[in-house]
Amino acid sequence: MATLWTLGCDADDPQRIAAFWALALGYVKEPGFDEPDNASIIDPDGRGPAISFLKVPEEKSAKNRMHIDIRVAGPGSGDMAERARLIRQKVPELVAVGATVVREEWYGDVLGHVVMLDPEGNEFCVA
């Protein structure tokens, strides 16, 4: 049995960034974590880890050493054309709520993933 764990993240605005990631991942706010200086989101199905956000005084100053990959097509490579279609569907949804597109990465002539920034400038990929 796996150990339960939470991904802890620094934030400028914990509530705003939690709302962004809840939408991006299909998560929901965790009850009891709605203070201005902290927020937490959870997988409503209980499968994925919780993600918590804590307000910190310093600004983000460097590239992430770890980041989230949103796997819109699920596990494995599967149908690459369908995967590219799902990526192209998800990216504008995230841009509409504050994300920024950095670049597209291609695997030959197939879209592999899109590198993005969340509203606080943290890198992530839609794959």
Considering residues at least two apart in sequence or located in another chain, which fulfil the salt bridge (charged side-chain N to carboxylate O under 4.0 Å, His left out) criterion with [X]?
| X | value |
| --- | --- |
| R88 | E104 |
| D109 | none |
| K55 | D12 |
| E82 | R85 |

(message) Test question: given the 4.5 Å side-chain rule for I, L, V, M, F, W and Y, name all other residues clustered with V28, or answer none.
(response) I42

(request) Tell me who clusters with L54, hydrophobic residues only, linked when side chains sit under 4.5 Å apart either directly or through other members. (result) none

(request) Scan residues 118-127 for pairs that pass salt bridge (Lys or Arg N to Asp or Glu O under 4.0 Å), counting only residues two or more places apart or in two chains. (result) K60-E123

(request) Any side-chain hydrogen bond (donor to acceptor under 3.5 Å, both in side chains) involving residues 37-50? Give me the pairs, sequence neighbours left out, ordered by first then second residue. (result) E30-S40

(message) Using modelled atom types and a 3.5 Å cut-off, is there a donor and acceptor pairing between side-chain atoms of N64 and backbone atoms of H67?
(response) no

(request) Using modelled atom types only, decide if a donor and an acceptor are shared between the side chain of K90 and the backbone of R71 within a distance under 3.5 Å. (result) no

Residues two or more places apart in sequence or in another chain: which of them pass side-chain contact (heavy atoms from CB on, under 4.5 Å) with [X]?
| X | result |
| --- | --- |
| R103 | E105, V115 |
| T100 | L117 |
| A127 | R83, H113 |
| A18 | A39, I41, F53 |

(request) Could you tell me which non-hydrogen atom of W106 sits nearest to which non-hydrogen atom of V110, and how far apart they are? (result) CE3-C, 3.2 Å

(message) Please evaluate residues W21 and I70 with respect to the criterion side chain to side chain contact (heavy atoms under 4.5 Å, CB included), reporting the C-alpha separation (whole Å), side-chain torsions for both, the decisive distance (0.1 Å), and the verdict.
(response) CA-CA 10 Å; W21 281 107; I70 299 173; 4.0 Å; yes

